[in-house]
Amino acid sequence: MKPVNLCLVIVVALTGLLAACGKHEAIAPEPAGPAPAAAPAVAPGATAKPDPLPDTEWSLHGEDVGEQRYSPLDQVNRGNVDQLGLAWFFNMYTRRGIEATPLMVDGTLYVSGSWSMVYALDARSGELKWFYDPKVERAFLARGCCDAVNRGVAYKDGKIFVATYDGRLVALNAADGKELWNVQTTDREQSYTITGAPRIARNKVVIGNGGAELGVRGYVSAYDIDSGDMAWRFYTVPGNPADGFENDAMKMAAKTWKGEWWKYGGGGTVWDSMVYDPELDLLYIGVGNGSPWNQAVRSPGGGDNLFLASIVALKPDTGEYVWHYQTTPGDTWDYTATQHIMLAELEIDGKPRKVLMQAPKNGFFYIIDRATGELLAADAFSSPITWATHVDMETGRPVETANARVFDGKNITIPSNAGAHNWFPMSFNPQTGLVYFPSFVLPVAFLAPTEDKDRLPSQGYWNVGFDRMGNAAPEIPEAALAAEIDKNVYGSLIAWDPLARKIRWAQEPGRPTNGGTLSTAGGLVFHGGKDTHIVATDAETGEVLWSSDAQTAVLAPPITYALDGEQYIAVAVGIGGGLATEAGPVVHAWKVPNLSRVLVYKLGATASLPPVPNAERAMPKPAAVTVDRETIEQGQVVYQRHCSYCHGDGLRTGGVTPDLRWSNQGIHDQWQEIVREGIFESRGMVSFKQFVSAGEAEAIRQYVLHEANRRYRELNPEQE
Ligand code: CA
């Protein structure tokens, strides 16, 4: 096959290139510190009288105001975690990605699922108290990058706040789920989506949005919690200077841009982390990548492009700019700084400092003075890092490598656009002084932009300034592809020591499906492990002390709470999100089913999950390909450009979208209507008429048939 003249070669595209990227060595744990004080021994014959455990809620997104995700509960601890069992589970109503942090307030668990649905469950029994469906238009799937996920609700004064995938912010009565107010925070004609959890800053609820892959301008807005009236809006990147700037911060930011960036939206979406700091009365927001990714297209001639890939501090009353720190100046790799922002007080150089910590996609762990924005530490937590050698502590800027911006398809970039760490929340344990988060390695190669670089991104058209090519070109068998992925794509849970500025321990690398973390005073870290397990790890040593099969990937962070003297661990599970859509082949190789559920554990419980239903569907025998090689190749190019972001690179889907190779005759018969007329819009498959001609749609179909026949022969060798 002649090489496709493109692109961004994602993850598994060129196996030869990937073979050069070996696994890093497992990092041996350092000698453990002093063991925590043992519980007082009970004399033989005496009755142990444990202290009564007060009811303990989890009412804020990150547990405490600093979002440390550390619980003082220790009934479940290193000594007894092996007795942890399933207390109950709840089946959610959808089969897409689950990323939410549940809240537990006054005996009720509030969990958001895919499509921004909210479930209120009895926290003791799992019984459904109420259910809220915001009825998001499914066509909005084509306006987002990474599945119809939702990372959680906020609670304040008897109200639950949820942000919806189609850009609304909704207040619900926590008692019965009735809508109190419902406001549109975005322009529905543009490709804005919301997957993040709202945050409360005193009497306001704050929300950002996503869409920087599809040409939007990022911002955050604050709404009055009672009326739903908008109090302020802060844009993260400047608009067209001819229209005037909203404030001095935008005027300052515009000096760091070149060209006509506003035509592409500019990006800078605040799609995940925001934290309100009551001590300093500041709101910190994490700002995302540029739109498009490729800076040469977005801002030809360079510039820092503020406030892309930055943490920005705002006054929560007015939205006024206070300070910023940019982690990746002139971002061109999708290195967002939207990842978890955690507040803490650390003693640095003998002085207590109020800091914030972040491990963004770019591979460096940052500690920043949260009063001033001063950089206090920036150290690599991932290896290798190809784009920068280190961060210069004098200037506070990264020192880029010579090849950092060479995009020729041969130059491997690590971390990839998925990052060395993504949205998966971290946790801190003040007893160990360590920060726990999942890190992964997922190599990528970018190619220079092609003729499509001037075409503006929009719904259904993800223009990041690089095109991309699929893995189908090398025509390697499915099993060999899976083996390549296993060898080159991996992740592990790491324990970062922010004072020593290095990794204390890391678990042996496995699949990069590790989830967000929870730390407890029981000396434990709870997290999704590789494959499909919920795991309890010893916070000191990294040793796995307990694990339980969740039957699907555990991406969301667990929480813990106590009721009637018992400690519970709760987690929402279900494969999906960016890994399953954008990097579909990675998940495809592992065949992880989506079983969207809430799982709740406590000591001595003995409930069990039903057996995993057999979802394996026999492949229908595909019809013969009726076109020449050139048409198939054309179909592949068009598929990669328009379809692969959802249906998977090289037709390998991550499981939340149909595997097109399995399409039956009925699908093939209606192909034109599906692709160009939008007859499946109610399922999220919008019309691609404006991008794909009838001839191109047929070429895609022939490419699918070609690949389906190849796979059919692999599965049915006896019919050869
Ligand atoms: Ca992005």
Side-chain angles (χ1 to χ4, degrees), residues 8 10-11 97 99 140-149 151 165 186 190-196 208-220 236-237 261 264-274 285-295 297-299 305 307-311 326-341 358-363 387 413-424 440 442 444 446 449 457-468 555 576-584 586 644-646 649 654:
L8 183 166
I10 191 143
V11 192
E99 299 185 353
F140 266 77
L141 261 190
R143 297 183 184 274
C145 70
C146 304
D147 199 6
V149 296
R151 292 190 204 86
Y165 195 67
T186 56
Q190 296 188 54
S191 291
Y192 286 106
T193 51
I194 305 183
T195 57
N209 45 56
E213 274 65 47
L214 293 108
V216 303
R217 181 185 180 200
Y219 58 83
V220 291
T236 56
V237 297
W261 68 88
Y264 299 91
T269 49
V270 182
W271 55 264
D272 195 31
S273 191
M274 304 179 288
I285 62 169
V287 183
N289 56 280
S291 182
W293 295 352
N294 187 348
Q295 194 194 23
V297 177
R298 180 184 73 234
S299 179
N305 297 175
F307 297 102
L308 295 182
S310 302
I311 294 171
Q326 189 172 41
T327 56
T328 310
D331 174 43
T332 199
W333 309 270
D334 188 18
Y335 288 162
T336 63
T338 53
Q339 282 62 48
H340 184 177
I341 297 168
Q358 190 189 50
K361 281 187 188 176
N362 74 12
W387 74 282
T413 296
I414 305 174
S416 74
N417 52 294
H421 169 233
N422 208 306
W423 62 270
F424 310 93
F440 47 86
L442 211 149
V444 67
F446 297 93
S458 63
Q459 164 172 308
Y461 184 59
W462 183 353
N463 184 358
V464 296
F466 303 99
D467 222 329
R468 70 185 206 162
L555 307 175
L579 204 61
T581 48
E582 191 195 330
V586 173
S644 64
Y645 297 102
C646 291
D649 194 25

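Every heavy atom of this structure was used, including side-chain atoms; hydrogens, water molecules and symmetry mates were not. Atoms within a ligand are numbered from 1 in the order they appear, just like the ligands themselves.
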Point to revise | Stepwise ring-ring contact (aromatic ring centres under 6.0 Å, His included) check, F140 with Y192 | key: CA-CA 9 Å; F140 266 77; Y192 286 106; over 10 Å; no
Exercise for review: Begin from the C-alpha positions of W333 and W387 and carry the test ring-ring contact (aromatic ring centres under 6.0 Å, His included) through to its verdict.
Suggested key: CA-CA 9 Å; W333 309 270; W387 74 282; 5.2 Å; yes
**Study point:** N417 N/O/S atom closer than 3.0 Å to the Ca ion (ligand 1)
**Key:** no
Revision key, fill the gap. Between W271 and the options I194, T336, N209, the side-chain contact (heavy atoms from CB on, under 4.5 Å) test singles out T336
Exercise for review: Using only N, O or S atoms, tell me which atom of D334 is closest to the Ca ion (ligand 1).
Suggested key: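 Result: OD1.
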Check your understanding: Looking at the Ca ion (ligand 1), which N/O/S atom of E213 is the nearest one?
Key ->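 So the atom name we want here is OE2.
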Review point. Between S291 and R298, do the side chains contain an N or O donor and an N or O acceptor separated by less than 3.5 Å?
Key: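 No, no side-chain donor-acceptor contact under 3.5 Å.
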